[in-house]
Amino acid sequence: MNAEKRRKSRVQGGWAGAGSKQNNASKPKQSVLASHASSQSPVTGIVTQRQVLASAQSHSVKLSESSIPQWTDNNIGQKSQNSQQLVFEDPEQEIQVKPADLTIVKSGTYDISTEPSGVSRLRYFPDFIEPSRSEAIFAELLDEIPWKQRSEVHGGVRAVQPRLTAWYNELPYTYAGITVEANTSEWPNALKTLKDQLVEVTGIEFNSLAANLYRDGHDSIGWHSDDEPIMGKNPTIVSLSFGEEGVFELRKKPPPNESGERDYTYSQVIKIPLRSGSLLIMEGWTQSDWQHRIPNEYHDRGARINITFRVAIPSHK
Ligand SMILES: O=C(O)CCC(=O)C(=O)O
Ligand SMILES: [Fe+2]
């Protein structure tokens with residue numbers, strides 16, 4: 001056997017032995033991927049969008065320091081010794097994989113997580129208000145709400161919000177470094193009726209209302225939680241959408257590092273396309289354990305109005 005042939009046969013032999021070990025090591029990862037996507041999805045009724053490169057199911061795979069099989073001359077004819085060297089023991093390095101994004105499209109109640117604080121629950125009713133009524137409400141709100149572009153402060157930097165807002169409440173409301181003045185003016189009629197309807201559905205007597213107008217696809221609201229002290233602990237946030245569809249996204253908060261920072265690279269993301277007339281309720285620990293946003297879009301989008309009914313607690317004056 002010449003030198004080149006000998007080298008090839010060694011390599012093939014080496015990888016054949018190593019391969020079976022390696023495959024075994026990576027197999028559980030694949031089966032977790034498959035089963036997680038179907039039956040073990042933490043959120044039933046959710047469509048799993050598998051995005052080939054950007055995301056895969058959440059699973060931590062532990063590898064030994066050297067995941068590449070070692071090859072030495074001693075391996076020839078010493079199968080057992082060879083395989084000994086390739087056992088994946090003493091895991092030292094953890095590889096994290098970003099879970100596939102999940103999309104909620106169907107009406108239902110979704111417990112999106114149970115830890116670290118407790119149950120985070122979403123209730124989604126895509127067809128809460130019929131299309132012709134939604135259209136009329138959209139026109140009324142666009143016309144009657146005193147929309148204003150405000151600015152907010154992030155990391156000490158003040159910037160104009162990429163959307164218009166309004167707030168109806170007896171108390172001023174502080175969030176993202178700004179204080180929105182109290183607004184005791186009368187609620188638009190459509191909102192009074194909707195509030196009564198929502199009090200019936202939820203049993204909660206809402207006393208405040210925040211409104212957002214996303215004028216087009218350039219408008220957005222960044223990642224945040226509705227966890228201002230004025231909302232109290234575990235607030236129920238009831239959100240109605242009118243006009244153009246907007247994709248509402250949630251991402252799970254990872255544990256903070258020693259400096260209190262959170263790395264969201266591997267966070268679970270849940271998307272809910274909020275169409276006109278839809279109702280989304282966030283409950284439980286959702287504001288503690290998740291953030292949400294409406295990203296801007298790369299394609300043209302018409303105007304969208306979002307109304308959130310909340311309970312502001314007067315003791316936080
Ligand atoms: O527009 C939406 O659906 C979300 C608005 C929101 O998160 C907020 O106003 O706090
Ligand atoms: Fe919010």
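Basis for what follows: all heavy atoms, side chains included, without hydrogens, waters or symmetry-related copies. In each ligand, atom 1 is the first atom listed, and ligand 1 is the first ligand listed. If you're wondering where the values come from, they're calculated on a predicted model, not measured in any experiment.
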Determine the minimum heavy-atom distance between [X] and [Y], stating which atoms define it.
X      : Y      : result
Pro126 : Lys106 : CG-C, 4.3 Å
Pro188 : Leu141 : CB-CD2, 4.2 Å
Ser134 : Phe242 : O-CD2, 3.8 Å

Plane angle bin for His224 and His292 - parallel if under 30°, tilted between 30 and 60°, otherwise perpendicular: perpendicular
Side-chain (Gln149) to main-chain (Gln161) donor-acceptor, under 3.5 angstrom: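 Pair found, side chain donor or acceptor close to backbone of Gln161.
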Metal-centred angle, NE2 of His224 through the Fe ion (ligand 2) to OD1 of Asp226, rounded to 10 degrees: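 Value returned, to the nearest 10°, is 90°.
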Would you mind writing out a table of all protein N or O atoms found under 3.5 Å from any N or O atom of ligand 1, naming both atoms and giving the distance to 0.1 Å?
| unit_1 | atom_1 | unit_2 | atom_2 | d |
| --- | --- | --- | --- | --- |
| ligand 1 | 1 (O) | Tyr214 | OH | 2.5 |
| ligand 1 | 1 (O) | Arg304 | NH1 | 2.9 |
| ligand 1 | 1 (O) | Asn306 | OD1 | 3.4 |
| ligand 1 | 3 (O) | Arg304 | NH2 | 2.8 |
| ligand 1 | 3 (O) | Asn306 | ND2 | 3.2 |
| ligand 1 | 7 (O) | His224 | NE2 | 3.1 |
| ligand 1 | 7 (O) | His292 | NE2 | 3.0 |
| ligand 1 | 9 (O) | Asn212 | ND2 | 2.8 |
| ligand 1 | 10 (O) | His224 | NE2 | 3.0 |
| ligand 1 | 10 (O) | Asp226 | OD1 | 3.1 |
| ligand 1 | 10 (O) | Arg310 | NH2 | 3.1 |

Atom CD of Glu135: over 12 foreign heavy atoms under 6.0 Å: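 Atom CD in Glu135 is not crowded, with 12 or fewer foreign heavy atoms closer than 6.0 Å.
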